[in-house]
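Naming convention: chains lettered A, B, ... in sequence-line order (proteins, then strands); numbering from 1 in each chain.
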Amino acid sequence: AQTVTQSQPEMSVQEAETVTLSCTYDTSESDYYLFWYKQPPSRQMILVIRQEAYKQQNATENRFSVNFQKAAKSFSLKISDSQLGDAAMYFCASESGGGADGLTFGKGTHLIIQP
Amino acid sequence: DTEVTQTPKHLVMGMTNKKSLKCEQHMGHRAMYWYKQKAKKPPELMFVYSYEKLSINESVPSRFSPECPNSSLLNLHLHALQPEDSALYLCASSQGREGPGANVLTFGAGSRLTVL
């Protein structure tokens with residue numbers, strides 16, 4: 001079984017600043033994937049970034065990057081140069097069943113961008 | 001086509017009604033999913049149809065029943081629902097275990113269900 005924990009129910013950041021969202025996970029699998037998904041008020045879940053556990057290099061996608069600490073089972077998301085459009089619910093998730101088990105989600109962090 | 005299409009976007013039904021939610025993808029994905037999401041909560045997995053095999057979350061009541069007519073469609077049939085079943089229902093698909101997009105779920109925009 002997998003568990004994903006997000007300990008920050010809500011975060012607030014000034015526009016153009018940098019913010020880091022925390023996530024820890026637990027799994028007994030050796031082969032797994034970690035994700036950050038964004039859900040804006042429009043409610044569609046959008047993939048932000050993906051990390052394969054066997055890769056040591058941290059994934060990056062433009063302004064979004066992760067700090068993957070495998071031994072600590074930590075997977076934080078850093079958003080640089082925050083924009084108003086980044087305001088959303090952010091979910092950390094894990095997957096290890098090759099698609100057969102779906103995603104295990106954390107409880108989410110509500111990110112507020114202050115203009 | 002890189003989308004997962006869900007219809008209808010909104011559905012209001014009584015507790016004695018029978019209705020269906022539809023989900024369609026044309027990305028050649030081998031796995032499709034239904035999730036239920038209550039307000040301010042993470043999505044909860046209900047069903048997985050992966051490589052022609054259906055997996056059911058045992059906590060899902062029998063008033064929800066999935067149907068997979070073909071590899072591009074995954075319907076969710078609703079019967080005798082309760083008000084507490086009111087939620088956002090999300091469909092997703094993934095290409096499965098292989099390739100650069102392996103294990104990535106693409107979500108539809110959701111169907112907002114209200115049970116009166």
*Asks:* Go through the atoms of Gln6(A) and report whether side chain, backbone, both or neither lie under 4.5 Å from a heavy atom of chain B.
*Replies:* neither
*Asks:* Less than 4.5 Å apart, any side-chain heavy atom of Arg50(A) and any of Tyr33(A)?
*Replies:* yes
*Asks:* Test His29(B) against every option in Ser94(B), Ser50(B), Ser93(B) by the side chain to side chain donor-acceptor pair (under 3.5 Å) rule and name the one that passes.
*Replies:* Ser93(B)
*Asks:* Could you tell me which of Gln6(B), Arg112(B), Lys40(B) has the largest number of non-hydrogen atom pairs under 4.5 Å with chain A?
*Replies:* Arg112(B)
*Asks:* Got Val19(A) and Gln14(A) here, is their nearest side-chain heavy-atom distance under 4.5 Å?
*Replies:* no
*Asks:* At a 4.5 Å cut-off on heavy atoms, which part of Leu103(A) comes close to chain B: side chain, backbone, both, or neither?
*Replies:* both
*Asks:* Have a look at Val66(A) and tell me which of Asn58(A), Leu34(A), Thr60(A) forms a side chain to side chain contact (heavy atoms under 4.5 Å, CB included) with it.
*Replies:* Asn58(A)
*Asks:* Please look at Tyr35(B) and chain A and tell me whether the side chain, the backbone, both or neither of the residue comes under 4.5 angstrom of a heavy atom of that chain.
*Replies:* side chain
*Asks:* Using a strict threshold of under 4.0 Å (side-chain N to carboxylate O), is an ion pair present between Lys73(A) and Asp26(A)?
*Replies:* yes
*Asks:* Is the shortest side-chain heavy-atom distance between Met15(B) and Leu116(B) below 4.5 Å?
*Replies:* no
*Asks:* So do the side chains of Leu113(B) and Met13(B) get within less than 4.5 Å of each other, counting heavy atoms only?
*Replies:* yes
*Asks:* Hey, which residues of residues 107-115 of chain A are touching chain B, say heavy atoms under 4.5 Å apart?
*Replies:* Lys107(A)
